[in-house]
Novice: 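Structure incoming, see below.
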Amino acid sequence: MHPWFRTLTEEVRDRPLPVEGTVPDWLDGALVRNGPAHFETAEGRVNHWFDGLAMLRRFGFDDGAVRYTNRFLRTEAYRSRTNGDVDATEFGTGPTSLRRRLESLLVPTATDNANVTVARLGGRTVALTETPRMVVFDPETLLTFGTRQFDDEVPGQWTAAHVEHDGERGESVGLTVRFGRTSSYHVYRLPDGARERIELARLQVGEPAYVHSVGLTDRYVVLPEVPFTADPRRFLRPGIDSFVDAFAWHPERPTRVHLVDRDDGSVSSVDASPFFFFHTVNAFDDGESVVLDLVSFPDASVVEGLSFDRVERGVREATGALRRVRIPVDGGRVSDRTLASNVALPRTSPTVRRRPYRYAYAQRTGEGEFTGLARVDVERAAERVWSERGCFAGEPVFVPRETARRERDGEADGVVCSVVLDRDAERSFLLLLDGETFEEVGRAWLPHALPLGFHGEYFG
Ligand code: CO
């Protein structure tokens, strides 16, 4: 088993890390990341990488030093799993007893194992996954405050794990999916500091698609509805062990792209060639079109490819293509082109969200013996790459230098932070790359090997 998928039980608190090279002294916030770190159950292990128990990891920066804390979320999933049970319907792992399985099919119990990402929502710092249950935690100590759900008028048993924040409008935008006799997508907005979401648009759907993130421009919420869909009646039939089992790929169907007007909630929809995706990269309006960049796959086989029976045969990463999809707002033909290959977990500078931009940061995947990092120049289709043999890098988070925060020209003036696992050393390190040169500035060694995480945020 690759150490990326090996359980880590050790938790440390506020430990200073030895640094090779330097940590810029202007870095004074904290990088908080989320991801699975415990993969065992009473009967062995969870089936799917996405089902490991959530562990938060925090890197606090102060005057050139790094302090590290890692802690499991103390959730119902954590309590039951560490006693050996999986008692809710998780992504690819079913409940462990037949009785529980039947109960969960009739009355689905959403997991609170929020292992996907972190965000500031409604004035709180939360860990998020694809169920409506989020976990509130202390961003300094990583102590778990408790599991919460929104108590509002927006329905849905499923949510896109990623929520887009718009600092100019002072709101976050997200999506829920309601499965039932009639199913629907619900695009919502959540004003900063508010505790209740406001439904912006509701779209009826026969077979809901799997949605992990949406695009956001100044004018539109962009919902690409991929042909990886679930017949809601299948949830009630025997033989469905997990949520993902209810989904099937339909290559004969298009990906339908919906544009939801952020002011009045009106929706226009257009068909594109079928593709699958987890992550949008960025989106913006260019007057005639909505430009949506995402990391796409030709089909949904990547979902199965991340289950452990596949992963055990070697690290098979989610390696996709960075594509630019152009959606004319007058209803014309959707066009798309490839900007880069072999990328995953894409990010941009926070200063260029919803704007024409130049640099996308991503994992460079597909090598097998290592996973690097890439900075893709989306305007010139040029790349800079960092890699080291035997080293496996996670999602790169770009932190702009303070003076560059408002300028597009500064979208590479800062550092790229990524947690890298050194397989031979059996330890991880926090890698800092200069955004301009993409060369190493420094690395801070952790006391252990961290399993691969999903997403994180830098809180300034
Ligand atoms: Co994600």
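When a ligand or atom number is given, it counts from 1 through the structure's own listing order.
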Novice: Would you call E436-R384 a salt bridge at under 4.0 Å N-O?
Specialist: no
Novice: Could you check whether D422 pairs with R427 (Lys NZ or Arg NE/NH1/NH2 to Asp/Glu carboxylate O, under 4.0 Å)?
Specialist: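 Judged by the 4.0 Å cut-off on N to carboxylate O distance, D422 and R427 do not form a salt bridge.
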Novice: Going by chain and residue number, what protein N/O/S atoms come nearer than 2.8 Å to the Co ion (ligand 1)?
Specialist: H162 NE2, H212 NE2, H279 NE2, H455 NE2
Novice: What about H448 and Y68, are their ring centers closer than 6.0 Å?
Specialist: yes
Novice: Are side-chain N/O atoms of H258 and S269 paired as donor and acceptor at under 3.5 Å?
Specialist: yes
Novice: Can R178 and E199 be counted as an ion pair, charged N to O under 4.0 angstrom?
Specialist: no
Novice: Distance alone, cut at 3.5 Å: any donor-acceptor contact between the side chains of T129 and T131?
Specialist: no
